[in-house]
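First up is the structure itself, then whatever we jot down about it.
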Amino acid sequence: MDSSVIKVSCGALTASDAGKSVEFNGWVHRRRDHGGLIFIDVRDRSGITQVTFDPADAETFARAETLRSEDVVRVAGQVRRRPPGTENPKIATGEVEVPAAELDILNRSLTPPFVIASDEEPAEDVRLRYRYLDLRRPRMQRNLTLRHKLVKAIRDFFDDNDFLEIETPDLIKSTPEGARDYLVPSRVHRGTFYALPQSPQILKQILMIGGLGRYMQIARCFRDEDPRADRQPEFTQVDVEMSFVRQDDVIAMMEASMRYVWQRVLNEAIPDPLPRLTYAEAMRRYGSDKPDLRFDLELVDVADAFKGSGFGLFAALAEHDGNRVIALRYRGGASLSRREFDALTDVARSFGAPGLAYVSFFPNENKGSIGKIITTEIRSALKRATGAHDGDALLFVAGQSKSATDIAGRLRLEIGDRLGLRDASKFAFCWVLGFPLFERDEETGEITFSHHPFTAPLPGQEALFDTDPLAITAQHYDLVLNGYELGSGSIRNHQPEFQRKVFKRLGLTDEQIDDRFGFFMEALSYGAPPHGGMALGIDRIAMIAAGETNIRDVTAFPKNQQARDVMMDAPSTVPQKALEELGLRIVQPPPA
RNA sequence: GGCGUUGUAGCUCAGUUGGUUAGAGCGCCGCCCUGUCACGGCGGAGGUCGUGGGUUCGAGCCCCAUCAACGUCGCCA
């Protein structure tokens, strides 16, 4: 090839390139064989270029006839404008084409199990089995490109703000709390195990003790729990820790990072500052500690409207403070059919509700399951409380406060879905603060931490430790986006005496503390600075930014819901010799 | 582990009240075609209806069990 030939990508050519000698590589996207003329669309990540083959060059033409979808080619030729009337405005390179002077078939492809050049969406198990083909599709190329840009912007932001990106190890000590650890057996130290980090929590705190000041890392984390649409057994966080900061300093830095990223990557201005809710407020108004604020529907307490009324159930519930009678306004809900209300009732039941009471407001009339018992007084009280008008419906969830709140919160999202209010192109961030430091484990009845044991209480609340620990508020903050928890952060305990007190309050003995956290307690004892930080889930950020609802669609090689990699077929058995070296024996061999 | 949805051709799907030989589009194979770009025309191959059992004269369809994928609850400091 002579030096005047320019190597280009498939999406690069425009009319101004006409006359240039170029070469490019790619996959056969489509073939249109007209008998005496063949068109091949050659595709790479950047786009598509149309290549033409003329029978005048019999040898090249004959080879072009053998091309099939996803064969890999190198093409060289002189760019020319397409004949007038044959331009394709649908693609960026549609004004030009390249008549092939040279065609190298670099590799052949089997017939793919699904068509790359199609809008048909293959089932996910097929996509994951042939992930390398799925990755060629526009959706994955777009999502992974976006994810790259998000991560790049995050790194740039923290670099601009004097953070150091520091790698922490993946082979660490198990700290038997919280989620299940992935364990890695040690060959050198037979019978012992490393644990993969659930997060670099302790290590980043030790970096603060190490005087690094401001740390960040794009960190891989591992939790051996069942996957979900927004949870993978291994996932990526932007992990941040700062020394000599208070809660508001961390919050300001983290929300500035998101503001920067959203502006730069999505060209979206997000509010400054971001809205803040207390945990109690979020639960009361939205029935969730990760409220979706893309729509303003709120849970309204209407017990008062029923107090002393003839409606036995609600009236009775209204007499006790531990209960809630919650109304949800369903805009335009009066036009729903009985069938649709029955479907909503089934949904409510699936959330654990015993049933669903509802009323539809019409001028001078109420309909619905409890329409008959709504007096004029109750009707106007309900309308006043919820802002409902004629044409709207109210759904009622009543019962013990915790469960009623939870059910109503989920029903709220269901209404949002049905009214199309959860718009994937909208972004509603908020902070949730004021979480309790401790909570009671429902099973054991023991006091346990609600976030992690390194979280500091609000200053001045230490005295409650022995009298009313559940009343202590943590210096803990969650960043929420569109109903997803992006991540949590906190100010940490930096004084060893106090950290020991927290551990003991959690029921650990001095021996247990020293065994599990001795190195950390010791580190705290050598002048640990006040510090705090946060970690945000990159997968979830990318998922929401991409308008996806599943993090597998922004992850190159995700696990399925059984935590399997179906492409590699992992996990898998290992040779007996490997087990012997590790001193392991499989008690119950897997079925053959 | 519970609940829900789905499972029919390589892919995406349809399949009525249980009734003849289970269909479509795309893809694939062959032939034809010099301006297509979702090229077109003609012809063709391709099915254990997830699996096992049952009911029935007869099952893709009904019943039971089971497996798998997805969603969700439990779980996820």
Side-chain angles (χ1 to χ4, degrees), chain A residues 29-43 48-56 61 65 68-70 82-91 93-94 97 99 110-130 133-134 137 175-181 197-199 201-202 221-233 235 346-347 349-352 406-407 410 413-414 435 437-439 441-443 448-455 474 476 485 488 490 502-503 506 516 535 537 549-550 552 560-564 566 591:
Chain A
H29 188 65
R30 275 206 185 84
R31 174 180 62 115
R32 293 178 294 281
D33 185 342
H34 289 232
L37 175 67
I38 299 172
F39 298 99
I40 301 288
D41 291 338
V42 180
R43 182 199 71 236
I48 285 170
T49 288
Q50 174 169 284
V51 178
T52 67
F53 294 89
D54 192 284
F61 188 84
E65 283 182 312
R68 293 295 181 271
S69 288
E70 304 307 313
R82 297 193 185 187
T86 67
E87 300 90 350
N88 182 358
K90 286 189 239 169
I91 61 173
T93 60
E97 63 189 9
L110 296 175
T111 301
F114 52 87
V115 185
I116 312 300
S118 166
D119 294 330
E120 269 185 0
E121 189 74 9
E124 196 180 38
D125 42 359
V126 180
R127 293 174 59 201
L128 293 181
R129 162 94 170 72
Y130 300 97
L133 298 177
D134 189 43
R137 299 170 63 238
T175 52
E177 301 285 348
R180 295 183 186 89
D181 284 319
Q198 297 184 26
S199 88
Q201 181 62 34
I202 288 183
C221 306
F222 306 85
R223 294 176 190 178
D224 187 5
E225 298 293 346
D226 291 359
R228 287 283 191 282
D230 62 348
R231 260 166 37 193
Q232 281 274 301
F235 59 100
D346 285 343
V347 170
R349 286 210 180 94
S350 76
F351 297 155
D406 177 61
I407 292 163
R410 294 206 243 166
L413 297 179
E414 178 69 23
F435 288 85
L437 184 65
F438 298 118
E439 58 192 27
D441 187 304
E442 305 247 333
E443 274 178 30
T448 181
F449 43 84
S450 39
H451 181 41
H452 61 52
F454 313 109
T455 301
H476 167 197
E485 182 195 315
S488 288
S490 65
V502 173
F503 280 137
L506 292 167
R516 298 176 189 179
T549 55
N550 193 310
R552 292 188 293 267
N560 73 2
Q561 202 170 110
Q562 313 312 318
R564 295 197 62 83
V566 293

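The figures that follow rest on heavy atoms only: side chains count, while hydrogens, waters and symmetry mates do not.
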Which side-chain N or O atoms in residues 48-55 of chain A pair as donor and acceptor under 3.5 Å with protein atoms at least two apart or in another chain?
unit_1	atom_1	unit_2	atom_2	d
T49(A)	OG1	C10(A)	O	2.5
Q50(A)	OE1	R32(A)	NH2	2.9
Q50(A)	NE2	E97(A)	OE1	3.0
T52(A)	OG1	R80(A)	NH2	3.4
D54(A)	OD1	A56(A)	N	2.8

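One interatomic measurement links the two molecules: CZ of R32(A) to P of rU34(B), which rounds to 16 Å at whole-angstrom precision. Rounded to an integer number of Å, the gap from F39(A) CZ to rC37(B) C1' is 8 Å. Atom P of nucleotide rA68(B) and atom CZ of R129(A) are separated by 17 Å, given to the nearest angstrom. Note: CD1 (I91(A)) to P (rC37(B)) measures 12 Å, nearest angstrom. Taking atom CG of residue D134(A) and atom C1' of nucleotide rG10(B), one finds them 16 Å apart after rounding to whole Å. Between the CD1 atom of I116(A) and the P atom of rG10(B) there is a distance of 18 Å, rounded to whole Å. Atom C1' of nucleotide rC32(B) and atom CD1 of I38(A) are separated by 14 Å, given to the nearest angstrom. Distance CZ (R127(A)) to C1' (rA69(B)): 13 Å, rounded to an integer number of Å.
Here, rG40(B) and rG25(B) have their P atoms 12 Å apart, quoted to the whole Å.
Heavy atoms of N550(A) sit under 4.0 angstrom from primed sugar atoms or phosphate atoms, though from no base atom. D33(A) comes within contact range of at least one nucleobase, with a heavy-atom separation under 4.0 Å. Residue contacts shown for E97(A) include a base, since a base heavy atom lies under 4.0 Å away. Among the heavy atoms of the strands, none lies under 4.0 Å from T52(A). Within 4.0 Å of E87(A), counting heavy atoms only, lies at least one base atom of the nucleic acid. The residue P83(A) sits close to a base: some heavy atom pair falls under 4.0 Å. Residue contacts shown for R82(A) include a base, since a base heavy atom lies under 4.0 Å away.
rG58(B) makes up no base pair with any nucleotide shown, lacking Watson-Crick or G-U wobble contacts both under 3.5 Å. As the counterpart of rA65(B), rU51(B) is assigned, both hydrogen-bonding distances of the Watson-Crick or G-U wobble pattern falling under 3.5 Å. Of the nucleotides present, rC42(B) is the one that pairs with rG30(B) by Watson-Crick or G-U wobble criteria, both distances under 3.5 Å. When Watson-Crick and G-U wobble pairs are counted only if both distances are under 3.5 Å, rG71(B) pairs with rC3(B).
Nearest-nucleotide positions on RNA chain B for S450(A) and T549(A) put T549(A) closer to the 5' end.
In this model, the phosphate group of rA69(B) is approached by a side-chain N or O of Q562(A) to a distance below 4.0 Å at OP1 or OP2.
Counting only heavy atoms from C-beta outward, the side chains of R137(A) and F114(A) approach each other to under 4.5 Å.
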Protein N or O to nucleotides 73-76 of chain B N or O, pairs below 3.5 Å:
unit_1	atom_1	unit_2	atom_2	d
rC73(B)	N4	R228(A)	NH2	3.1
rG74(B)	N7	R228(A)	NH2	2.8
rG74(B)	O6	D226(A)	OD2	3.3
rG74(B)	O6	R228(A)	NH1	3.0
rG74(B)	O6	R228(A)	NH2	2.9
rG74(B)	N1	D226(A)	OD2	2.9
rC75(B)	O2'	E225(A)	OE1	2.6
rC75(B)	O2	R231(A)	NH2	2.9
rC75(B)	N3	R231(A)	NH1	3.1
rC75(B)	N3	R231(A)	NH2	3.1
rC76(B)	O2	R231(A)	NE	3.4
rC76(B)	O2	R231(A)	NH1	2.8
rC76(B)	N3	R231(A)	NH1	3.3

Are there any protein N/O atoms within less than 3.5 Å of an N/O atom in nucleotides 43-46 of chain B, and if so, which ones and at what distance?
none

Provide a list of protein-nucleic acid N or O atom pairs under 3.5 angstrom, restricted to nucleotides 4-8 of chain B.
none

Check the interface with nucleotides 24-30 of chain B: list each N/O to N/O pair with the protein under 3.5 Å, or write none.
unit_1	atom_1	unit_2	atom_2	d
rG25(B)	N2	E120(A)	OE2	3.2
rC29(B)	OP1	R68(A)	NE	3.1

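Distance from the side chain of D54(A) is smallest for rU34(B) among the nucleotides rU34(B), rG35(B), rG71(B). Picking from rU34(B), rA38(B), rU12(B) the nucleotide with the shortest atom distance to the side chain of A123(A) gives rU12(B). The listed nucleotides are rU34(B), rC11(B), rC70(B); the one nearest the side chain of Q561(A) is rC70(B). Residue F114(A) places its side chain closer to rC11(B) than to any other of rC11(B), rU36(B), rU72(B).
Evaluation of atom-type donor-acceptor distances gives a pair under 3.5 Å for the side chain of Q50(A) against the base of rU36(B).
Annotation: salt bridge (charged side-chain N to carboxylate O under 4.0 Å, His left out) contacts of R30(A) (sequence neighbours excluded): none.
Minimum heavy-atom separation, T455(A) to H476(A): CG2-CB, 4.0 Å. For the pair V347(A) and S350(A), the tightest heavy-atom approach, listed with the atom from each and the gap, is O-OG, 2.6 Å.
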